[in-house]
Amino acid sequence: MNQPIDTQIEHVLHNLLPKSGLENKFGAPQSLFDRMAFYHTPGVTIAVINNFALAWAQSFGVTNMQTKQPVTTETLFQAGSISKSIFALAVMRLVQEGRVDLDEDIQRYLTTWRVPVNGGWQPRLTLRQLLSHTAGLTVHGFPGYQSDEKLPSIAQILNGEAPANTPKVEVNILPGVQFRYSGGGTTVAQQLLVDLLQKPFPQIMRELVLEPLGLRHSTYEQPLPKVWATSAATAHPWKGIPLQGSHHIYPEMAAAGLWTTATDLAQVGVELLQVLHDKKMPTLVKKETILAMLQPQLKHQKAGDGEFAGLGFFCNGKEDEFHFGHGGWDEGFVAQMRFYPNVGKGAVVMINSNEGHPLLDEILRAIAVADEWPAALPKEKTPVILSNLHEYKGIYCSADGIQFQISVMEDNLLLHYGKQPPLAIFPASEVEFFNKAINADILFEKNEQAVVTALTMRQGGNNLKAEKQDEKNGT
C-alpha cells in the first residue's frame, strides 16, 4: 500500500541513507538539508512518478549561494547527458516517420562534415551505433565553455580545431562490436539532424520533442537567452562556490546542452510509461518505438542480464525491477532520472553542485523506500545451512605464495590470513561464501567428484585464486 504523498515527502526529507564503506550497508538516516550542507549543495529539485502519473514535485534550497534566491519547480537546471535521451526521442521520431534509417550509413545524411578516413579506411557508422555508444568514436564528454570564451562551431568541435577544447572526434575501434561512451558520437548525430532538416538545432528539438510534449520550461538554446536566464540556477561545482559567469555554455547541445526542470523530465517519463501500457495515444513516439529503444543493441547482450545501453537510455534489471533512464553531469550540475515501466513509477532529481553527486543516490533511495519501488534497498545476503563444512578445511596457496587457511568453528567457516584475526565467512550456496566485515566474496571450486580444490577471493574488482594443498605432502 502506497503511503500518502505528504508522508512520502516527509520520508524523503528526513530519511536519506548515506552510503558506507561496506557494500549494501548504509549509515543512520539523515535529513535532506543536513546532506545538502554536507555536500555544499545549494539547490535540489525533485519530481516523482507513481501510478503512471506525476505524484509530486518539490524544490529545496537556493539557486545561488550569494543571492539566496529560492529554487522552485520552474527553476531551470542543466541536465548534462540526460540531454542525450531527449535527443534520442527526436531521432526516433524521424525514424518512425521514415525520414531517416537507423541502419543506413550516416554519410548519406551528413553534408557539412564527414566521418574521418583512418589510414585509408572509411568507417561506416549508423545512427543506431551513435545512439547506443557502439560507433567506436572518441571523446567521452565535454567541459563546456565560459561565458567570455569564443565558442566553436560543431564542425570545429568534431575536427578538434580551435577554439574547441576537446580532441578530434574519430573512430579508433571497430564500430558495432562493443560499448564505449561517446559524447562525440552524439554530437555527430546533432550535426546530422541539422544537415538533414536545415534548421538550427534548438528549433529542431523544440519542434520535434519539447513543444509536442508540452515541456514549457525546457530549451536546448546555448548560450541561454536572457529571457530564460532569470529562471536558471547557478552552477556550484565545489564547496558551494558559484561558478564565474553562472554556468558553462555547451555548443554540444544534443550531448549536454538541455536546460530543463525535474517536472518536465518527469513528464517525459509519464508519456513513455503511459504509452507503453496503452494508457494514452502516443504524443511523440509509438509503443513499438519505445520498446525498440529499451533493447540491447549489441548481439552478446541480453535484457535482464546487467546494465546495457539501448537507444538513448541505459537499462537494467528484469521483470518489475527493470528500469531505464540516464544520468547527467555538467560543470556545477548533476542529475539523474529513472523510470520503472512495469510498475509505473520513477523519479527525477537535479542539483546545482558537482560535489553533491552522491546526494542523487541518497535521495533516490529515500524515494524508493517511501514509494515502494521494486528492490528499493539491496537485499541482505542470507546464509544457507551446509552440513559438510569440514570439506572446505585446509591450506590454500596462490601461485605467488599467498596462503590462506580455512578452519571450522562450531557452525561457521573461518578464513585465516597472516597475522589478521580470523574472518568468519558464511555460505550463500555450496560454492559461494560471503562475510560481513569486508567487501570480499570467497568462491570455492569443486572437481567432478565434488571435492573442494581451490578458492578465489574476490574483492575490489580483483580475483585471487589459491589452490587447496594436499594434507599429506603439503602440495
Check your understanding: Hey, is the main chain of G43 close enough, under 3.5 Å, to the side chain of T41 for a donor-acceptor pair?
Key -> no

Check your understanding: Could you walk me through whether F52 and H277 pass the ring pair (Phe, Tyr, Trp, His ring centres under 6.0 Å) check?
Key -> CA-CA 9 Å; F52 301 94; H277 283 264; 4.7 Å; yes

Review point. Do side-chain atoms of N51 reach the backbone of A53 as a donor and acceptor pair under 3.5 angstrom?
Key: no

Exercise for review: Could you grab the distance from atom NZ of K345 to atom CZ of R338, nearest 0.5 Å is fine?
Suggested key: 14.0 Å

**Study point:** Reference residue E271; test side chain to side chain contact (heavy atoms under 4.5 Å, CB included); the match among V268, V275, L273
**Key:** V275

Point to revise | Audit row: S132, F179, side chain to side chain contact (heavy atoms under 4.5 Å, CB included) steps and yes/no | key: CA-CA 8 Å; S132 61; F179 169 86; over 6 Å; no

Check your understanding: Any idea which heavy atoms bring V452 and K468 closest together, and the distance?
Key -> O-CD, 3.4 Å

Study note, to complete from the structure: Per side chain to side chain contact (heavy atoms under 4.5 Å, CB included), Y250 is matched among H247, E252, M253 by E252

Practice item. Please report the shortest heavy-atom distance between L130 and A135, naming the atom on each side. Key: CD2-CB, 3.9 Å

Check your understanding: Parallel under 30°, tilted from 30 to 60°, perpendicular over 60°: which one fits the rings of F324 and F313?
Key -> perpendicular

Atom pairs and distances, donor-acceptor, side-chain atoms in residues 382-391, under 3.5 Å, two or more places apart:
{"residue": "N388", "atom": "ND2", "partner": "E391", "partner atom": "OE1", "Å": "3.1"}

Check your understanding: Taking the side chain from T134 and the backbone from Q297, do they hold a donor-acceptor pair closer than 3.5 Å?
Key -> no

Review point. Does atom CD of Q146 have more than 12 heavy-atom neighbours, drawn from other residues, nucleotides or ligands, at distances under 6.0 Å?
Key: yes

Exercise for review: Evaluate side chain to side chain contact (heavy atoms under 4.5 Å, CB included) for F314 paired with Y181, printing each intermediate quantity in order.
Suggested key: CA-CA 11 Å; F314 287 100; Y181 193 87; 3.9 Å; yes

**Study point:** N/O donor-acceptor pair under 3.5 Å between N447 side chain and V451 backbone
**Key:** yes

Check your understanding: If every non-hydrogen atom of F333 is compared with every non-hydrogen atom of A233, which pair is closest and at what distance?
Key -> CZ-O, 3.4 Å

**Study point:** Residue pair C315 / E307, side-chain heavy-atom distance below 4.5 Å
**Key:** no

Review point. Hey, is the main chain of I402 close enough, under 3.5 Å, to the side chain of S398 for a donor-acceptor pair?
Key: yes

Practice item. Starting from the C-alpha separation in whole Å, work towards a yes-or-no answer on side chain to side chain contact (heavy atoms under 4.5 Å, CB included) for L311 and L102. Key: CA-CA 10 Å; L311 298 173; L102 270 181; 3.9 Å; yes

Check your understanding: Just by modelled atom types, is the L137 backbone N or O under 3.5 Å from a matching donor or acceptor in the R180 side chain?
Key -> yes

Practice item. Show the numbers, then the answer: is there a ring pair (Phe, Tyr, Trp, His ring centres under 6.0 Å) between W238 and H40? Key: CA-CA 7 Å; W238 306 97; H40 304 103; 9.8 Å; no

Review point. Is a donor on one side and an acceptor on the other found under 3.5 Å between the side chain of N165 and the backbone of G144?
Key: yes

Check your understanding: What pair of heavy atoms forms the shortest contact from P143 to E331, and how long is it?
Key -> O-CB, 4.4 Å

Check your understanding: Do side-chain atoms of E321 reach the backbone of P374 as a donor and acceptor pair under 3.5 angstrom?
Key -> no

Exercise for review: Can you establish whether the number of heavy atoms outside K446 located under 6.0 Å from its atom NZ is more than 12?
Suggested key: yes

Point to revise | Steps toward side chain to side chain contact (heavy atoms under 4.5 Å, CB included) verdict (F308, N316) | key: CA-CA 7 Å; F308 65 85; N316 207 344; over 6 Å; no

Practice item. Determine the minimum heavy-atom distance between Y39 and G356, stating which atoms define it. Key: CB-CA, 3.6 Å

Point to revise | Enclosure of N24 CG (heavy-atom neighbours >12, cutoff 6.0 Å) | key: yes

Practice item. Answer yes when D441 and K381 have at least one side-chain N-carboxylate O distance shorter than 4.0 Å, and no when they do not. Key: yes

Exercise for review: Taking atom OH of Y417 as the centre, report whether more than 12 heavy atoms of other residues, nucleotides or ligands fall under 6.0 Å from it.
Suggested key: no

Check your understanding: Taking all non-hydrogen atoms of both residues, which atom of A79 and which atom of A335 are closest, and how far apart?
Key -> O-CB, 4.4 Å

Revision key, fill the gap. Only one of V71, L13, I351, V12 passes side chain to side chain contact (heavy atoms under 4.5 Å, CB included) with F60, and that residue is L13

Practice item. Indicate yes or no for a side-chain donor-acceptor contact from N342 to the backbone of E319 under 3.5 Å, with no hydrogens or angles considered. Key: yes

Review point. Between the side chain of S182 and the main-chain N/O of T138, is any donor-acceptor distance below 3.5 Å?
Key: yes

Check your understanding: Between E445 and K465, is there a salt bridge with N-O shorter than 4.0 Å?
Key -> yes

